[in-house]
Amino acid sequence: VRAWPLSAGLCAALAVAACGGNGPLLGKPEPRGIVKVALVDVFSGAQSSSGQYLRNSLQVAVDELNASGGVLGYQVEVVAADDQLQPAKAAELVREQVSDKDVKLLVGPSSTDLYRAARASIDAARTPNCLAADVTDDALSGEPTTFRTQGRDQDKVAALLRYLARQSPSAKKIGVVASDDARGHALDNLLTNQPKAGGLAYAGAAFSAADATDQTPAVQQMLGAGAQALVISGDERMTAQVAQVVDQLGQTGKVQLLALDGASDYAYPSTGGPAAVGTVFASTIQTYLTGIPQSRWPPAYRDFENRITSQYGFAPNGVEMQGYPAAADCVQQWSMAAARAGTFSGEQVARAWGSLDIPASRSLLGVRETLTLAGHDSVPAAGIFVYRWKRQGGRFQLTQLQP
Amino acid sequence: MGGPGRGLVAVWSAALAVGGRSWRQVGRRPLWALALVGATVATVATVATLSLVEPMASESAMADTLTREGSLAVEQPGVAGPDAYRRFATTAGGDVARRLGGDLVPLTDFMRTAALPIATIDDASPARGTPALTPISLDHLGAHVEILAGELPPEGFTIGGDAAVTMSQDGADRVGLRASDRFCLAVPAPNQPWCARIVAVWRPLDRHDPFWGGADPSLQVVANRYDFYRLVTPQPPAGLLAGLRYRPDRYLVGAGRAEAVAGKVRLLRDDLARGQLRLVTDLDRTLDAFHQRQLAVTASLELVMVSIGLLGLTVAALVAHHLLESQAGERAELLRLGWPRARIWGVGAAALVGLTAVPALAGLVWAALVVSLISAASGGLRVQWLRAQDLAAVGVGLAVLLVALVAVMVALAGVAAARTREAEAPAALPRRGQFDEWRFAGPAQALALFGVCALLLPRLPLPWQFGSGQAQYLGTLVGVAVIGAALLPLLPPRAGPLRRLRGEIAATLAGWQLGQRREQHAAVAFIVVLSTALGGVLAVELVAELASGRSAMGPEALGRGLEVTVLAGLPTVLALVVVGWAIHFRATSEHRQVEYASLFAGGLPTASVADSVGVEQAIVLPTYLVVGTALAVLLVGTLPPPPVTSPLLGLATLNVVGVLACIVVGILAVGPLVRRVPAAVRQPSPAPAPEVPVEQLVDAVVNAPPEEVMDVPGPPPPPPAVAPPPVEAEDRGREAAAEEPEERPPGEELRDAVEPEPVQEPEEEAPEEELQDSIEPEPAADPEEEPPYEELQDAVALEGAEAVEDDLPEEELQDAAAAEEPELPEEELQDAVEAEPPQEELEDAVEAEPPQEELQDAVEAEPPQEELQDAVEAEPPEEELQDAVEAEPPQEELQDAVEEEPPREELQDAVEEEPPREELQDAVESEPEEEPQEVVEPVPSPEAGGER
C-alpha cells in the first residue's frame, strides 16, 4: 500500500518520457524557421497610404499568428515591396519575391493592371496569392493559386441597382463615369450586360484618364445622355472630383451618385466635402464609420479594428483606421489553409484554401466566407454592404442601407 | 456479513494491529526514528536535486552554447541575380536538409560583397580615413535589431532613384552618416555608381547573435535584395557571395545529441565541398568541446550523486539496524505470545518502510521545490530545458534508490525477525569464538572481495562497456571504502595513548572491546571513509570551480551545476556522517551499559562507559579520516580534467582541511552526547563498596586467557532489548553480583563477574527450554492462543516504558521492588540463602519434572534487595573475587575452575551446554546453597525483562 505513490510517480515519469518527444517539457518549441508573407503594393507617391494600410493589416494578422505559435511551427514575417504602381516594377518585384523560397504567400499587386503584369510569375511559382484590393472579376478566372477577399464587382453593382430601384424608382437611366483603366471598362461591360430591373436603361460610360484632374467632361457627357444616376469607378480622389462636379453643376439631389470602393474610405468625404454627402456605395464591411455601436459589430471585425487602431492609431483625419480587414483576411485564410494542408506547398495550400468555409463569427469581414475550387472569391453577394455618406455634426458618417 | 466481508474485516484488523504495533515500536525510539527519517529525507532530497540539476545544467549549457556559438553558413561566391540565387538556395538548402534535417533552423539568407569605399557623402568626398562599407542584403533583419530612427524600407523602395538602406547607429557614427544622408559607393566599371539614402538606423539586439555570423555589423550597409542586385550587375564586385545561415534548433538538439550533431556537421562539410560550396562554421568544434566539458562535469555530478545515495543508504541501514536491535525484546515477547515470524517481520518492516518511504516522498517534493528555486534564482540553470528523457532517467534513478531503500529496510526487518528467539540471550562481553586466530573472516572477507571487485572490474579490458570513467571513479570510491571498512579488524586497537586522557579503566575496556570484536564498528568506519572522501572531492571541486573560474572555459550553466552540487552535497554529507556516527555510538553506549552491568556491580564507575566508548571513538575516527582523505586524494587525481593547478593547490588543500574539520567537529560535537550514560546509571544508589578493586576486576577480565574466559563461540551477542532500562540493568547486575558469590561454584565467580547472566542457547537446549517453561510463571492465557491484544499491548508498553530512559530515582525503584517483596528479617534471609536445599529437590529441579511451586519458590522468588545487598556486603565474596583475580587460589574450587585441567569444560558444561547431571550434582552438593540458582535460573536478559 505504501508503495503506490512511488509506483504512480514512476509510471507518470515514464509516461511523460514516452509521450514527451525529444523537446524540452516546459516552454514552447523553437520556431522551425521563418516564412514570409510578401506584400507587393504601392509605398511611395500619393497612394503610399494604401500600401502602408495593407502592410499594417498584414502585420496585425501575423502578430496574432505568431503569438499563437506561428503557422506549422514557423514564425511569419511580413516583407513589403514597392511596385510604385508600375506594372514592370511590380512584375520584377513579384518575380523576386516568389523566387524566395521563404515566401509562402504573396499579397497583391493591388490593381488589375499590375496583377496582370505579374501573373505569369505567380503562375510559374505556384505561390499562394491573395488580392485584398480591387481587381476585375475576370482577372481571377482560371488562376489556380490566386484568391480574393473582396466582393465581386457584379455583386456590388447588383446591390447598387437594387438600392436604386427601391429608393429612387423615378431614376430610369444610369451611366458610368470611370477611370480609363481595366476596371472601368469592366464596369462598362458589366452594366451593358447586367439585366436591369424596373425598366432601367444604361446610358453608357464616360472615361477619364487616371491622372485627370477635371471630371467635368465625363460628368457632362453622362448628364447629356440623360443619366439620372451615375456609377463611379475610380479611386477616392477621382470619385470626389466627380461628386464635386455634380455639385457644381447643380445636380446634387437630382442625380444619384453610386460608387464602388472609391467612396468607401473616409478620404472620399474628406476630399469631396459636402458634395460627397448622399453618395451611396457598395463594398465590404465599413461599419466602423457608421453610428452602430461596437457591441453590434461582427466580433472578428471588431477585434481587428481594435487591434489596428491600438497598434497604429488613426489616420491624420482622426477617423480612419489605418488598415483593411480584407488584407488581414488574406493572412487568416492562408494560415487556415496551410494548417489544413499541413504544408506550405503552394498547390496543396491552394487546394485547401479552395475548400475553406469560415463562419461569420470568425470572419474579419463579418460574413460567412465560403470558397470553392472553382470560385476563389471569398465574399459572397450577401456580404456586400451598401452605405450612404451623411454629415453628422462636424464629421461625415455612414448610414448602413444593406443588409 | 458474509464470508468475504468477514475476511476483509479480519485482514483489516490484522493490518491495523500490525500498523498499530509498528507505530508504537517507532514511538518508543522517537529520536532514532527521527534520525532515520532525517537521513532518508536528506539523502533522497539531495540525490533528487542533483539528479535534476545535472540535466538542467547540461541542457541549459547546451542551449546557451547553441545560442551564442551556433552559427552555420553555407556560402557560394559569385551569385549575382535572382535566378542564380534561387539555384544556390535550392542546392545548398537541399544539402543541409539532407544531412541535418530538422536539427537546423534557417536564420537568414544573405548576399554581400567585399567592403567598398565611399565615393561621396551628400555629393562631397568623404574625409580621409573614412572606413569602407560592406553592402549586404540580410533577411529577417527586423527581428534582430532595435530600430532607433526611421523604418525598414520595402523592397524596391527608392528615393529619387536611390536605394533605401539602413545601417547601425555605431557604423553611421563612425562613417559620419545620419538618417536621410545620401552616399555613393565606388563600384567597378561598367556598373553605375551605387547611391543610397539612409532611411533607418538601428542597434543590434545582441552582437553575439549567430544572425551576424560572427561579423561586426557596424560597417555593414543593409540593402534590400532588389537594390543589391542593381549593385552587383552587370559586373559583380569583388567578394560577392551569397549564403544561407542557420542555427541549431535548441528545441531538438539537446545535450545528449551534441556529439552526433557535430558528426553530421563534419559530413555536411564534405558534401558541400564536393559541390563547390563552402561551410563556414565552428559548430562541430564547439559541440565537440562542449561534449567533452559536459562529460567531465556530468561525470562529477553523477558520481557525487551516486556516492551520496550510497552514503545515505548506508546510514539509513545503520540507523534501522540499531532501531531493530532496540526492539529485540519486544520481538521475543511477540514470539513467545505465539506470533508467527512473518507477522513479526511485517511489524518491523512496516515500521521501517513507513519511516523511509513517506520521508522519501517528502524528499522528492523538497527537491522539486529546491530545483524550482534554483531555476528561478539562477540565470544559468533553467528547468524549462529539461527533456522527457532527462526526467525518465531521473525517475528511474530515484526509483532505484527508493526501491533499494525499501528493500534494505525490509531485509533488515526480515533478518531481525529470523534471529528472534523466545528467550533473548543477554548482552555479554564480547568473547572470541572458534575463529579466534583468523579474525579477517566471514563478512569482512566478503566486504573486501566486493571492494576489490569494485576497484578492478571497471578497469578490466572487458568486451562490454564497463570501463567508463564514471565506473572507474565509483569503483575506486566504493572499493577503497569497503576495503577500508573490511580491514578494520586487522588494525591494532591502540588505546594506549588515550589512557591518560580517559583513564586506565576506560582505555583498557575500549582496547579490549576493539581487540575482541573490532568489526562492530565496520559500518560506521565505512561511512566515515566514504563521507571523508566525498567531502574531500567536493572541497576540491569547490575550489576548482569557484577559484579557478573553470566556468569561464565552458558554458556558465555547467559551472552553476557544479556549484549547486557542492553546496548541496557538502551539508548532506556532513549531516549523514554525523547522524550515522551518533546513532551508532549511542547504540554502542547503551550496549556497553548492559555488557558492563556486572562490572558496575563490582564498583566500576559508570562514567567509565562513556569514557570507554569515547576511547573507541577516538580510535576509530582518526584511522578512517586518514583512509578517507587518502581516498579523496586518489579520486581527485583521477578526475577527468585536472581540477587543481599548482597555484590552487594550497587553496584546495585548505578547503579539504576545512571540510575535514567540519566533519571532525560535527562528530566531536555529538560524541559526548551520544555516549552519555543515563542519569539512573550515572547516579547509582549507594552501592556496596566493592570487595575487589575495580581495576583489578577489569584487568582480570581483560587479561584473562581467552580459552579460560571466552568460552562461548559464535556471533556477537545479540543486541539489548528495547532500550535496556539502565536502572533495571544495574539492578540485575547488582543482583547477580549479590547472588553469585554465594550461589555459584568458585570456578564461576570470575565468569560471573564478567557476565551478568549465564548465556543460554534456547534453540540448542531443549531440555533447558522445558525447564524454563516449567519454572517460568505461566501466562494466564493459553500460550497457543493469541493473547488479547490489549494485554499484549500493555505488556509491551510496560516494557517500553521501562526501556525508555526515564531516569526514575533509584530509591523509587528500590521502594517499588521492596513493596513487591515481603521484607524478611535478616536472619530468615540469611537462612534462606545459606540453607542447604534438599538434594531431592535439586535433583527434581534438574532432571525430572519438578514441582512447579518448588521451583518457582526456589528460583524465581526474588530476594529482597536488602538481602541481596547484604549478601554482597556482609558475605565474604571479596576473598573469593580477590583470589580469582590474583590467581592466588585460597579456595580449591576457584583454583580448579581457573587453572586446573580441565576447568573450561567444566564451566562450559555447567553453564551453557546441557550440564552433565553428575557434575551438576557434584557442584550442588559441594555448594548446596548456590545450586538452585546456578542450575535452573536462566536469569532473564535485560532485553527480555518484560517477560518477568
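Chain letters run A, B, ... following the sequence lines, proteins first, then strands; residues in each count from 1.
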Top contributor to chain A contacts, counting heavy-atom pairs under 4.5 Å, from [options]:
options                      : result
B:Glu155, B:Arg250, B:Arg247 : B:Glu155
B:Tyr226, B:Tyr229, B:Tyr85  : B:Tyr226
B:Asp139, B:Asn224, B:Thr108 : B:Asp139

Query - Test item: B:Leu381 and B:Ser375 side chains (from C-beta on) under 4.5 Å apart, heavy atoms - result: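 In short, these two side chains do not touch, never coming nearer than 4.5 Å.
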Query raised in the report: Looking at side-chain heavy atoms only, is the closest gap between B:Val199 and B:Glu151 below 4.5 Å?
Result: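 No. Closest side-chain heavy atoms not under 4.5 Å.
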Requested in this report: Would you mind checking which part of A:Val98 comes under 4.5 Å of any heavy atom in chain B, side chain (CB onward), backbone (N, CA, C, O), both or neither?
Outcome: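 The answer is the backbone of A:Val98.
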Query - A:Glu96 and B:Arg225 ion-paired at < 4.0 Å - result: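 A salt bridge is absent here (no side-chain N lies under 4.0 Å from a carboxylate O).
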Query raised in the report: Charged N to carboxylate O below 4.0 Å: is that the case for B:Arg86 and A:Asp100?
Result: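 Answer for the salt bridge query: no.
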Report task. Write out, in numerical order, the residues from residues 49-63 of chain A with a heavy atom short of 4.5 Å from a heavy atom in chain B. Result ->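 So far as heavy atoms go, A:Gln52, A:Arg55 are the residues that approach chain B to under 4.5 Å.
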Query raised in the report: Between A:Gln150 and A:Val135, is there a donor-acceptor pair closer than 3.5 Å when you use the side chain of the first and the backbone of the second?
Result: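 Not at all, since once roles are kept as given, no pair shorter than 3.5 Å links the two residues.
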Report task. Could you tell me the separation between the CG atom of A:Leu39 and the CD atom of A:Gln97, rounded to the nearest 0.5 Å? Result ->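 Separation between the atoms: 9.5 Å.
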Report task. Considering only heavy atoms and a distance below 4.5 Å, find which of A:Val79, A:Asp83, A:Asp82 pairs most often with chain B. Result ->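 Looking at each of A:Val79, A:Asp83, A:Asp82 in turn, A:Asp82 comes out on top.
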Query raised in the report: For chain B, which of A:Gln84, A:Lys101, A:Glu77, A:Arg95 has the most heavy-atom pairs under 4.5 Å?
Result: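 Option with the greatest count: A:Glu77.
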Query raised in the report: Can you tell me if A:Thr146 and A:Tyr115 form a side-chain donor-acceptor pair at under 3.5 Å?
Result: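 Yes, side-chain donor-acceptor contact under 3.5 Å.
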Report task. Would you please test B:Asp109 and A:Lys36 for salt bridge (charged side-chain N to carboxylate O under 4.0 Å, His left out) and show each step? Result -> CA-CA 12 Å; B:Asp109 297 359; A:Lys36 298 177 185 173; 5.7 Å; no
Query raised in the report: Between B:Phe211 and B:Arg245, is there a cation-pi geometry (under 6.0 Å to ring centre, at most 45° from the normal)?
Result: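 No cation-pi geometry.
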